[in-house]
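Read the structure below first, then the notes.
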Amino acid sequence: MGLDFSVVPGFFDVILQGVFWTIAITVSAAVLSFFGGIFFAVIALYAPRAISWPMKGFEWLFMGTPLLLQLFLIYFGLIQIGIDLPAFVAGFVGLGLHFAVYNSELIQTAILAVDKGQMEAARTLGLSRGQALRHIVIPQAVRDVIPPIGNNMIALLKDSALVSVIGVSELTLSAQLAIGRTYRPFEFYAVVAVCYYIINLGMEAVLRRLERRVQASR
Amino acid sequence: MTHHRPFVDIRHAQKCYGELEVLKDISLQVEQKQIVAIIGPSGSGKSTLLRAINDLDPLTSGEVWLDGVQVNKLLPHTQYEKHINQIRQQIGMVFQHFNLFPHLTVRENITLAPKLLKGISDDEANVLAEQQLEHVGLIDRIDYHPSQLSGGQKQRVAIARALAMKPKLMLFDEATSALDPELVEEVNQVMKMLAEEAMTMIIVTHEMGFAESVCDRVLFMDGGVVVEEGAPEVIFRNPTQERTKNFLRKHLEGVK
């Protein structure tokens, strides 16, 4: 039994749907992980211990355990305490928070690296600490970590394949669906691999543009 | 009973870092429109004193008053933050290393605080930025980023940024110390202009020539105390204290 790619066009709509959901969950989880990362970083650095210590535990949970387990916990586990999330939402929250914790580490380091004079100058003008963080310190910190955050986002795209196990019909699950009907794993996994690669190229192009824009304002 | 309280009134300022006492019971009064220079060797406490005036370096004990209001009054934290932010809007400060916001344009550097704190519109903010840049002679740099400016230009923008808040008092913390010698003059010119406009200024400086020509009073600090103070011609021509003489002699040798 040789390879036969002629079965692929028949599943064009299934794969296209997979592409759509992969992009949807990657982009939405990326946005959550970005703003969540800033939020966690500010809490870790500036919140009183009563808040920042529980955060540490939360961070440990997300950094120290497998993403797959986290997805199971959020999708299957939370039902037991009455939180029944749709698969997409569970995947979005799991992926988003998982990478928010990694982004938070990067952003914390970058916030601490912003010159102290920046905060002083802002406070001297009469800005509150919150205003100084929001308008002066955090924009500079984020600007400095766009490349490593970009790397995290590429990892997020690849890890989005994991949400297939909780039933989000993204690319990997689409492939499995098509394979289940045709018994042609090589053809569909290969096509889906190419799809991931193309989405990846698109993301890298967006990130490069972002970096260039930021570089221009240095 | 009314008694006159000076515009800036520092009373018995003491500042300690652990065992180290960097300000030892300093009192300083500055009247409106006065220009006071603080000179002294590094580590003498002059910057600390300046930074105590807007509470950037809070005093260990003592009081700071500005225009009849106590700057460092005891308040619960949130109330104090509100109070100090209000006070700081009235005190402009210029730093040795400019501290411009590198991610913002010159225009945004100037308009950020007035927009956030005074709620002025974009149009009003633009007019304000143009006025302030006209004032320091940098209107053609309005849409540049700080990284595209020379040191002297950066410091002039920093002055414009401070002035945009319409402060009652300007503090200069070694504003020209980080500049290449050929760029010092343009910043000095702007400061002279402010002096002519009757701005109240307290200037920590290493530039004795500038202090002598612009200031009404000079304080010489060493080891956390004011060793000697008086009119510039007295401090620079006829100092009475040995420490002042030594400092000025060493400084002149350094310049030559």
Side-chain angles (χ1 to χ4, degrees), chain A residues 34-35 37-38 41-43 45-52 106-107 109-150 207 209-218, chain B residues 47 50-51 53-57 77-78 80-106 108-118 143-148 154 157-158 161-167 169-173 178:
Chain A
F34 178 74
F35 290 104
I38 293 172
V42 169
I43 285 186
L45 292 177
Y46 300 104
R49 278 183 185 174
I51 300 170
S52 68
L106 292 170
I107 293 165
T109 313
I111 285 176
L112 294 175
V114 170
D115 180 47
K116 260 183 62 191
Q118 293 291 310
M119 177 60 97
E120 281 188 355
R123 296 305 309 271
T124 297
L125 288 164
L127 270 67
S128 68
R129 186 149 84 163
Q131 286 172 323
L133 279 174
R134 163 150 160 47
H135 295 280
I136 304 302
V137 177
I138 289 172
Q140 291 181 53
V142 166
R143 186 187 70 171
D144 291 340
V145 287
I146 283 179
I149 284 185
L207 286 168
R209 271 187 60 174
L210 218 84
E211 273 172 54
R212 258 208 308 279
R213 257 192 40 199
V214 162
Q215 284 295 343
S217 67
R218 240 167 235 270
Chain B
S47 281
L50 194 75
R51 290 160 60 87
I53 296 172
N54 62 2
D55 206 44
L56 222 45
D57 274 342
H77 180 73
T78 33
Y80 183 74
E81 284 293 304
K82 250 190 182 151
H83 159 78
I84 198 67
N85 291 339
Q86 198 62 44
I87 295 272
R88 282 175 179 155
Q89 292 185 34
Q90 303 165 39
I91 306 177
M93 189 168 202
V94 175
F95 300 88
Q96 182 177 0
H97 296 289
F98 330 123
N99 296 351
L100 290 180
F101 307 131
H103 61 304
L104 302 178
T105 63
V106 166
E108 292 163 338
N109 264 275
I110 295 170
T111 58
L112 178 80
K115 275 164 112 173
L116 275 178
L117 304 173
K118 297 188 170 172
D143 289 317
Y144 282 46
H145 273 92
S147 61
Q148 297 167 293
K154 282 180 191 165
V157 170
R161 177 176 72 179
L163 292 175
M165 289 301 287
K166 315 273 186 212
L169 167 70
M170 284 289 285
L171 308 175
F172 291 86
D173 191 3

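We name chains A, B, ... by the order of the sequence lines, and we start the count at 1 in each one.
A distance of 10.5 Å separates NZ in B/K154 from CD in B/Q148, rounded to the nearest 0.5 Å. The structure places CD1 of B/I91 at 5.5 Å from CG of B/L169, a figure rounded to the nearest 0.5 Å. The CD1 atom of A/I146 lies 9.0 Å from the CG atom of A/D144; values are rounded to the nearest 0.5 Å. One finds the CG atom of B/N54 at 12.5 Å from the CD atom of B/Q89 (value rounded to the nearest 0.5 Å).
Proximity to chain A (any heavy atom under 4.5 Å) is shown, for B/F101, by both the backbone and the side chain. In this structure, the portion of B/L56 lying under 4.5 Å from any heavy atom of chain A is its side chain and not its backbone. Looking at B/M93, the atoms closer than 4.5 Å to chain A (heavy atoms on both sides) sit in the backbone and in the side chain alike. Contact annotation for A/E120: both backbone and side-chain heavy atoms come within less than 4.5 Å of a heavy atom of chain B. If you measure heavy-atom distances from B/R161 to chain A, the contacts under 4.5 Å come from both the backbone and the side chain. Residue B/L100 touches chain A through its backbone alone, counting heavy-atom pairs closer than 4.5 Å.
Applying the side-chain hydrogen bond (donor to acceptor under 3.5 Å, both in side chains) criterion to B/E108, with sequence neighbours excluded, gives B/T105. With sequence neighbours excluded, the residues satisfying side-chain hydrogen bond (donor to acceptor under 3.5 Å, both in side chains) with B/Y80 are B/D55.
Taking chain B as the reference chain and counting heavy-atom pairs below 4.5 Å, the highest number among A/P139, A/A121, A/G126, A/A122 is found for A/G126.
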